[in-house]
Trainee: 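Structure provided below as structure tokens; questions to follow.
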Amino acid sequence: MAPFPWHHHHSETPAAPPTQPPPGAQSPDEPAAGWDAITAVFAAAYPGQEPTHYGTVVPRRLGGPDPLDGISIYRASDPAPHWHYVTYGYSNLYGEADRPSARPGESGFGMEMTLRLYDRRALDLSVTPPVWVVNLLQNLARHVFTSGTPIRARHHLDAGGPIALDEATQLTALAFTDDAISPAIPTPNGTVAFVQAVGITGPELADILAWNTDGVLSVIGQRWPFGLTVLDRAGLDEFPELRAQVLAGVAQAAPFVPRLAVESLKVSGTDEALTIAISGAALGDVLAAAEPALRAGRTLLLCGSDCALELAPQGPDQVMTRRAPTADRPGRLSLTPDGLRVLAQLRKQPPGDYRHHTIPDIVWHMTSTVAA
């Protein structure tokens, strides 16, 4: 999925103080079977617990600015103290479907988002859950509602920066998996799955592109289980045994072409010379993601709004392929891992045009980061 700088958005949800979650209906005359079905899953997992709840002042269906009607937060102890967040609003919460199903039989987008944030203080009743996660979840939803594309297990998303701006963290992306709290549930409005967001580092996102989401999350889970988001954790690169497992997975992965959507990508020129225009922040993310994929011998497809570009591993004959994109085929550029590592330094440069002697017929046109 495309990089999504949600830290440029500020949800209005946290402005209101937390409240007790409503039983579902916003009025006695408004049925809320979808809402109640979600609540029942968490009430069974956390019996007798009243969660902290952030609700929107004006629901989206009545013209409010926030896409979700609410977010509830539970205190969990297993496998370590953590906050368990769950959204209300991706699915159809009320008696009459307020949006079409993403797939036949699903309720709305067919999912609700969860996140488990590790916090050793989570079981202390005097401590309140961090509000930045509420902002993050609302803005993830804004991204989904704007694009019309639901987030599914095994998807991934680049934040373009730390997922928590006021915290010291290496986590700059999210991977998504099925929340262990429950398989997809039936509701009168269709099925709803619980998709859990897991904070990951930039190198771990690159590993996912070179291997797959399930494989990388399973390795992370050996040290940080249950899909916990642990803000102060180190990345897998700090643990040689775990890193070796990832590299083994990459080496054994079935051939496929990973796709990476970028906000700003334009390719112009001829087969003899290309100009590749891409936003500065996106270029760094692209190169970090491409290096392990090319090292594993796989092509990476960059998808812009109006063109696509294949980054391919350079062959043993050392002949570089340059192919300009057309209406019915992507452009193509072959690169060595060494060349990619050199180009990665471009993300530190100001906007402008850059060349490198390893690929002299390519101009990298750096533009300012696209603001959300």
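Because only heavy atoms are used, hydrogens play no part in the values below, and waters and symmetry mates are left out as well, while side chains stay in.
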Trainee: Does R243 come within less than 4.0 Å of D207, counting only side-chain N to carboxylate O?
Mentor: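 Yes.
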
Trainee: For D124, does its backbone N or O pair with a side-chain atom of R75 as donor and acceptor, under 3.5 Å?
Mentor: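 Yes, because the side chain of R75 sits within donor-acceptor range (under 3.5 Å) of the backbone of D124.
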
Trainee: Can you check whether P203 reaches L236 side chain to side chain, under 4.5 Å on heavy atoms?
Mentor: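 With C-beta onward as the side chain, the pair stays apart.
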
Trainee: Please name all residues satisfying side-chain contact (heavy atoms from CB on, under 4.5 Å) with T187, sequence neighbours left out, ordered by chain then number.
Mentor: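 T187: side-chain contact (heavy atoms from CB on, under 4.5 Å) contacts with A37, S107, I185, N189, V192.
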
Trainee: Does some side-chain heavy atom of L136 sit less than 4.5 Å from a side-chain heavy atom of I163?
Mentor: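 Yes; the side chains approach each other to less than 4.5 Å.
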
Trainee: So, Q222 versus E241: side-chain donor-acceptor pair below 3.5 Å or not?
Mentor: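 No, E241 and Q222 have no side-chain donor paired with an acceptor closer than 3.5 Å.
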
Trainee: Using the side-chain hydrogen bond (donor to acceptor under 3.5 Å, both in side chains) rule, collect all pairs that involve residues 223-236, keeping only residues at least two apart or in two chains.
Mentor: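 Residue pairs with at least one partner in residues 223-236: E204-R233.
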
Trainee: For Y118, what residues pass the ring pair (Phe, Tyr, Trp, His ring centres under 6.0 Å) criterion, not counting sequence neighbours?
Mentor: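 Residues passing ring pair (Phe, Tyr, Trp, His ring centres under 6.0 Å) with Y118: none at all.
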
Trainee: Run the side-chain contact (heavy atoms from CB on, under 4.5 Å) test against P130 and tell me which residues pass, sequence neighbours left out.
Mentor: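 With neighbours one apart ignored, the set is W83, Y85, L117, W132.
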
Trainee: Going by the rule salt bridge (Lys or Arg N to Asp or Glu O under 4.0 Å), which residues pair with D214 if we only count those two or more places apart in sequence or in a different chain?
Mentor: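 Salt bridge (Lys or Arg N to Asp or Glu O under 4.0 Å) check on D214 returns R154.
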
Trainee: Can you list every pair that meets salt bridge (charged side-chain N to carboxylate O under 4.0 Å, His left out) and has a residue in residues 40-49, with sequence neighbours left out?
Mentor: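 Sorted pair list comes back empty.
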
Trainee: Check side chain to side chain donor-acceptor pair (under 3.5 Å) between Q196 and all other residues, then give those that pass, not counting sequence neighbours.
Mentor: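 In terms of side chain to side chain donor-acceptor pair (under 3.5 Å), with neighbours along the sequence ignored, Q196 is linked to no residue.
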
Trainee: Are side-chain N/O atoms of D66 and Y54 paired as donor and acceptor at under 3.5 Å?
Mentor: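 Per modelled atom types, D66 and Y54 side chains form no pair under 3.5 Å.
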
Trainee: Below 30° counts as parallel, above 60° as perpendicular, anything between as tilted: where do the rings of H53 and W35 land?
Mentor: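 Aromatic pair H53/W35 classed tilted.
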
Trainee: Sort and list the pairs that fulfil salt bridge (charged side-chain N to carboxylate O under 4.0 Å, His left out) and have at least one residue in residues 167-192, not counting sequence neighbours.
Mentor: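 Pairs touching residues 167-192 that pass the test: R116-D179.
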
Trainee: Could you give the distance from CG (L140) to CG (L68), rounded to the nearest 0.5 Å?
Mentor: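 These two atoms lie 9.0 Å from each other.
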
Trainee: For P79, what residues pass the side-chain contact (heavy atoms from CB on, under 4.5 Å) criterion, not counting sequence neighbours?
Mentor: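 Applying side-chain contact (heavy atoms from CB on, under 4.5 Å) to P79 gives H82, P225, F226, L228.
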
Trainee: Holding to side chain to side chain donor-acceptor pair (under 3.5 Å), I want the full list of residues that pass it with Q170, two or more places apart in sequence or in another chain.
Mentor: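 So Q170 forms no side chain to side chain donor-acceptor pair (under 3.5 Å) with any residue.
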
Trainee: Are any non-hydrogen side-chain atoms of I208 and I200 less than 4.5 angstrom apart?
Mentor: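 The answer is yes; the side chains approach within 4.5 Å.
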
Trainee: Is it true that a side-chain atom of T114 and a backbone atom of F194 form a donor plus acceptor pair closer than 3.5 Å?
Mentor: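 Judged by distance alone, no pair lies under 3.5 Å.
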
Trainee: Applying side-chain contact (heavy atoms from CB on, under 4.5 Å), name anything that partners D166, two or more places apart in sequence or on another chain.
Mentor: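 D166 satisfies side-chain contact (heavy atoms from CB on, under 4.5 Å) with no other residue.
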
Trainee: Residues two or more places apart in sequence or in another chain: which of them pass side chain to side chain donor-acceptor pair (under 3.5 Å) with R121?
Mentor: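 Counting only residues at least two positions away or on another chain, R121 forms a side chain to side chain donor-acceptor pair (under 3.5 Å) with D119.
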
